[in-house]
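A short worksheet on the structure shown next.
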There are 2 protein chains.
Amino acid sequence: MKLLIVEDDQFHASFMVETVGEILPEVSEITHVANGGEGEEEAKSGEYPAVILDLQMPGRNGVEAARTIWAAHPETRILFWSNYADEAYLRGITTIVPETSAYGYVLKTTSTNRLGLALRAVLIEGQIMVDREINRYHQRATTPRSTLTESEFSVLVDLALGLTDKLIADRRAMSLRSVQNRLLSLYQKLEVDDEGGAFNKRTRAVNRALLTRMLNVETLIAAERELGPWYAKKLARSK
Amino acid sequence: MKLLIVEDDQFHASFMVETVGEILPEVSEITHVANGGEGEEEAKSGEYPAVILDLQMPGRNGVEAARTIWAAHPETRILFWSNYADEAYLRGITTIVPETSAYGYVLKTTSTNRLGLALRAVLIEGQIMVDREINRYHQRATTPRSTLTESEFSVLVDLALGLTDKLIADRRAMSLRSVQNRLLSLYQKLEVDDEGGAFNKRTRAVNRALLTRMLNVETLIAAERELGPWYAKKLARSK
DNA sequence: AGCTAAATTGCGGGAACCCGCAACAGGTTT
DNA sequence: AAACCTGTTGCGGGTTCCCGCAATTTAGCT
């Protein structure tokens, strides 16, 4: 079985190569590339039933790479690993993972034991496995900040891109007032409080989302790339 | 000579220990801790003339750790190393480095050669050394986006914290209109354009600053911690 | 001291934002 | 069928933001 490793940090890459060598005798050949673009290129061949993807990389990040890989080969099993337990990543992954495939998400700080377990479970057995450290964010109803719905999240992204209410309404195909309602519930869930005119709710919400790792810069970069074409088309349409 | 290494990634830490062992025979003893808080604690003893600090760490980050270390022992030589060439880090460092000391800033992706050079130059010779990849950001007048002044930057931080114009004016001790002038020049330098009502300049500016790495989340976390006490005092005052 | 460029502040108004109130639709429960 | 919960939309007005205009202060230079 051939395995593709996409990882820009050479120390982490060599550690991963070594670990896989020890734990997965099924793997006959390991290819290692150092960024998302090369990873997509390499995976295009369809020779890799299993891929390990770093999430934060210069250029195209892991989620974007996964999207194009899965678009061409939906059965590919992908193990993501990352420095951070950002909810934004998990959200990005779960919305693009195909039914037919398997994925995993482990932190780089996990023990070698748990990493080995994930390697086997996801890449060999085709299970879905998410590090409990990450999952913690996803479903703790105990905290005041509850999870966002899908539509709330997309409005949050647009907000963080710096769009006006009107343009968000346009993009997400809803009325202006609905957008503002979404924002209202966002403010509540992010615990954004006016405090008597001390805070600008709009930017404060972005701040809270970033600090709670509900949103991250990589996601914004990717979102910006998606916004570009849409906006250009809109301009052409309105002329 | 005793050396303190503060680094949360174990692979990077062991690589650094190894490299130092090879390149700096002057170092007789290496202590390694895994986060900023422990680093400050360890450095309090004053036994370390030289420190190597990772910048992004869970909990207290490298810039904050450096501040407390330098506050107690201003002659300490500190080499920062980081995954990212964020202008925000460099700005944070240059504003706190004491006259009597030396510092360096290298990327984790630099060659072992250059890293060795920096180790010797900064920790042994007491020079100041900044990776050219980072310095690039600092002083390229050629790009449309020119560098921010100190006061523009502080307004940018407050903006990203989600404060209103009024509160920024209060905090930075200037008039409301001045704050707005600062914002105006910020918008220009960050190339924030209204585009006929499509963008909210406020959030768009934060977005641009984050994507160009002029600002980063770690800086925001630190800024939030500074804001807290001031705001509490203000509330008490106004009562 | 005197002159000029740059920065600071006040004023005013148009636009966007924030949100309470209220009407309405679709789906679920009783 | 009636009550109910959730999500969408319009309207109105109070607030903040954005910025042109103009007067004033500060900083830098001769």
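Source: prediction; values computed, not measured. Proteins get letters first, then strands, A, B, ... in listed order; numbering begins at 1 in each.
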- prompt: Atom OH of A:Tyr89 and atom OG of A:Ser82: how far apart are they, to the nearest 0.5 Å?
  reply: 5.5 Å
query: Does B:Lys201 make a side-chain N or O approach to OP1 or OP2 of C:dA16 shorter than 4.0 Å?
result: no
field: Electrostatic pair A:Lys234:A:Asp170 at N-O distance under 4.0 angstrom
entry: yes
field: Side chain of A:Tyr187 (C-beta onward), nearest among C:dA7, C:dC19, D:dG7
entry: C:dC19
message: With no hydrogens and no angle check, just 3.5 Å: does a side-chain donor-acceptor pair link B:Asp8 and B:Asn35?
response: no
task: Could you tell me the separation between the CZ atom of A:Arg172 and the P atom of D:dG7, rounded to a whole number of Å?
output: 18 Å
message: Salt bridge or not between A:Arg204 and B:Glu224? Use side-chain N to carboxylate O under 4.0 Å.
response: yes
- line: In whole angstroms, the gap separating P of D:dG7 from CG of A:Leu183 amounts to 15 Å
task: For the helix from C:dA1-D:dT30 to C:dT30-D:dA1, figure out the bend between the end axes, five pairs an end, and round to 10 degrees.
output: 40°
- prompt: Does A:Arg213 make a cation-pi contact with A:Tyr84, if we ask for NZ or CZ under 6.0 Å from the ring centre and within 45° of the axis?
  reply: yes
query: Does a salt bridge link A:Asp194 with A:Lys201, judged by any charged N lying under 4.0 Å from a carboxylate O?
result: no
field: Atom-to-atom span, CD of A:Glu152 to P of D:dT6 - whole angstrom
entry: 13 Å
- request: Ignoring the backbone of A:Arg182, work out which of C:dT9, D:dT8, D:dT9 is nearest its side chain.
  value: D:dT8
For atom CG of A:Leu159 and atom C1' of C:dC17, their distance in whole Å: 11 Å
statement: Comparing nearest nucleotides in DNA chain C, the 5'-proximal residue of the pair B:Leu176, A:Leu163 is B:Leu176
- request: Starting at atom NZ of A:Lys166, determine the distance to atom P of C:dC17, rounded to an integer number of angstrom.
  value: 9 Å
query: If you look at every strand shown and take non-hydrogen atoms under 4.0 Å, does A:Ser178 touch a base, only sugar-phosphate, or nothing?
result: base
- prompt: Do we see a donor-acceptor contact under 3.5 Å between the side chains of A:Ser151 and A:Ser154?
  reply: no
Anything under 3.5 Å between a protein N or O and an N or O of nucleotides 20-24 of chain D, put it in a table, one pair a line.
residue	atom	partner	partner atom	Å
D:dG20	N7	B:Arg177	NH2	3.1
D:dG20	O6	B:Arg177	NE	2.6
D:dG20	O6	B:Arg177	NH2	2.7

statement: Separation of D:dC17 atom C1' from B:Asp194 atom CG, nearest Å, is 11 Å
Gap between atom CG of A:Leu210 and atom OG1 of A:Thr219 - 0.5 Å precision: 9.5 Å
query: D:dC17 C1' sits how many Å from B:Asp158 CG, rounded?
result: 16 Å
statement: Ranking B:Asn200 and B:Met174 by the position along DNA chain C of their nearest nucleotide, the one closer to 5' is B:Met174
statement: note: B:Leu186, atom CG; D:dC18, atom C1'; distance rounded to Å ~ 14 Å
message: I'd like to know if A:Glu191 pairs up with A:Arg208 as an ion pair, taking the criterion as any Lys NZ or Arg NE/NH1/NH2 lying under 4.0 Å from an Asp or Glu carboxylate oxygen.
response: no
